[in-house]
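Below: one structure, written as structure tokens.
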Amino acid sequence: MAEDFDTPDLRSAHVIVLGNEKGGTGKSTLSIHITVALLKAGYRVASIDLDVRQRTLTRFLENRRSWAQTAPWPVELPLHYALDRGASENVNDNETMEFTAFAEAIAAVEHAYEFVVIDTPASDSYLMRLAHSLADTLVSPVNESFIDVDVFSRVHHDRTRRGNVAHYADLVLEARRKRRLVDNGIIDWVLVRNRSLSIQSNNARQVGMSLKRMSAELQFRVAEGLHDRVIFRELFPIGLTALDPIETAVQNQTLTSSQLSGRREVETLVQTLRLPVHQPGMEHLEARHRWYEGISHFYRNLAASAGE
Ligand SMILES: Nc1ncnc2c1ncn2[C@@H]1O[C@H](COP(=O)(O)OP(=O)(O)OP(=O)(O)O)[C@@H](O)[C@H]1O
Ligand SMILES: [Mg+2]
């Protein structure tokens, strides 16, 4: 039985990739919150920052590590890998170096950790594509704007009509094809609405309808994600999130209703991702197979309803 762990399709870590070629949609913010939520739920979590330029996730974790040194309560930290930027003049050399570092990070954690959270940059690169094809769950944050929608499907001026599959969706479909060939794996693609406003505008409704229409063709789910809240951005310098006991850490008072709502939104988001429940060893592998069956069933139904 133990040798099952050596075969790539039975790796024990569930890989969550945050991806969207559109910049600034909230990939790093969601990777921070998902990582901390999983740590707080007691899972062994590793994180990888593929954004070699901005390193937002890495910067957050550095801040969190230094806070952890003085905090009166335990501050959970993932095992983190930050990829360095290749310094060579030769692009191929840089890509090779980055790929080697990424492959080493994955190999080091895939059997020992239950979740691997990978934050990706907005720019298209070989590494970013590779990360997408490793995803078990791909989370793409999307803001309430047709500019954001346009990277999935070209927005038609008559918005009831279907546009062509756009570059980022194409990249995900390609990653899915590769993944199926490699280990028959399925990428559960979840579009997460981010920075939504409390008062729903006509624009937000139309964006929602467009995403719903596309979901059957591109085979993604849409999740209600996070509202636009100060709590999701103000704690970055001290490496904390809405899930941490900030009422004692920085405020010494009760949380505001917006802060409490922010906390609940993150918890709901993680539930919506329908991540496999992990137990050690074979139990975990069985849970993973059951999860795959559930997700396959979901996509078979989706494909059937799209064909009707
Ligand atoms: N739900 C939210 N509420 C408030 N601010 C948010 C929220 N999500 C993201 N932001 C803010 O939006 C900006 C972009 O977010 P973030 O850096 O996470 O996006 P990104 O997709 O990782 O960007 P990039 O493509 O540049 O890597 C940041 O200033 C962040 O603090
Ligand atoms: Mg980012």
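We count ligands from 1, going down the list as the structure has it; atoms in each ligand are counted the same way. Just so we're clear, the structure is a prediction, and the values are computed from it rather than from any experiment.
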Are any of the N or O atoms of Gln54 closer than 3.5 Å to those of ligand 1? yes

* Gly26-ligand 1 polar pair, N/O distance under 3.5 Å -> yes

Would you check if Val207 and Asp148 make a side-chain contact, meaning some heavy-atom pair closer than 4.5 Å?
no

Mark yes or no for whether Arg263, through its side chain, and Asp244, through its backbone, hold a donor-acceptor pair below 3.5 Å. yes

When distances are taken from atom 23 (O) of ligand 1, the protein heavy atom at minimum range is Gly24 N, 3.0 Å

In the structure I gave you, are the side-chain heavy atoms of Arg176 and Leu173 within less than 4.5 Å of one another anywhere? yes

Query raised in the report: Hey, is ligand 1 close enough to Arg195 that some N/O pair sits below 3.5 Å?
Result: yes

Gly23 heavy atoms within 4.0 Å reach ligand 1 at atoms 25 (O)

Atom 30 (C) of ligand 1 has as its nearest protein heavy atom Thr29 OG1, 3.8 Å

Could any protein non-hydrogen atom be found less than 4.0 Å from atom 27 (O) of ligand 1? yes

Self-check item: Protein non-hydrogen atom below 4.0 angstrom of atom 6 (C) of ligand 1 present
Solution: yes

ask   = Can you hop from Tyr126 to Leu171 via hydrophobic side chains spaced under 4.5 Å?
value = yes

> Any heavy atom of Thr25 sitting closer than 4.0 Å to ligand 1?
Replying inline: yes

**Asked** Under a 4.5 Å cut-off applied to non-hydrogen side-chain atoms, are Asn63 and Ile238 in contact?
**Response** no

**OP:** Decide if atom CZ of Arg205 counts as having more than 12 heavy atoms of other residues, nucleotides or ligands within a radius under 6.0 Å.
**Re:** yes

Honestly, for Arg229 the part within reach of ligand 1 (heavy atoms, under 4.0 Å) is backbone

- Item | Minimum side-chain heavy-atom gap Thr268-Glu224 below 4.5 Å | no

Margin query: Between Ser28 and the Mg ion (ligand 2), is there a contact where an N/O/S atom of the residue lies under 2.8 Å from the metal?
Written below: yes

In this structure, atom 17 (O) of ligand 1 is nearest to the protein heavy atom Ser28 CB, 4.2 Å

- Task: In plain terms, say whether Asp84 and Arg55 are close enough for a salt bridge, that is, a side-chain N and a carboxylate O under 4.0 Å apart.
- Result: yes

Would you say Thr120 and ligand 1 have an N/O pair spaced under 3.5 Å apart?
-> no

Does Val15 offer a backbone N or O that forms a donor-acceptor pair with the side chain of Asp136 under 3.5 Å? yes

*With the side chain counted from C-beta on, respond yes when Phe115 and Thr35 share a heavy-atom pair under 4.5 Å apart, and no when they do not.*
no

closest protein heavy atom to atom 31 (O) of ligand 1 is Arg233 CB, 3.3 Å

Ligand 1 to Phe232, heavy atom cutoff 4.0 Å, flagged ligand atoms 1 (N), 2 (C), 3 (N)

**Asked** So do the side chains of Leu77 and Arg64 get within less than 4.5 Å of each other, counting heavy atoms only?
**Response** yes

For Leu226, the atoms of ligand 1 under 4.0 Å from one of its heavy atoms are 1 (N)

Quick note on ligand 1: atoms under 4.0 Å from a heavy atom of Ala122 include exactly 25 (O)

Short version for Asn194: what comes under 4.0 Å of ligand 1, heavy atoms counted, is side chain

Here the atoms of ligand 1 under 4.0 Å from any heavy atom belonging to His227 are 1 (N), 2 (C), 3 (N)

Checklist entry - Centroid-to-centroid, His132 to Tyr168, below 6.0 Å? => result yes

Checking heavy atoms under 4.0 Å, the part of Asp51 that sits near ligand 1 is side chain

Atom 20 (P) of ligand 1 sits nearest the protein heavy atom Lys27 N, 3.5 Å

Item checked: Backbone or side-chain N or O of Thr56 under 3.5 Å from ligand 1 N or O -> no

Discussion item. With a 4.5 Å cut-off on side-chain heavy atoms, are Thr25 and Arg195 touching?
Written reply: no

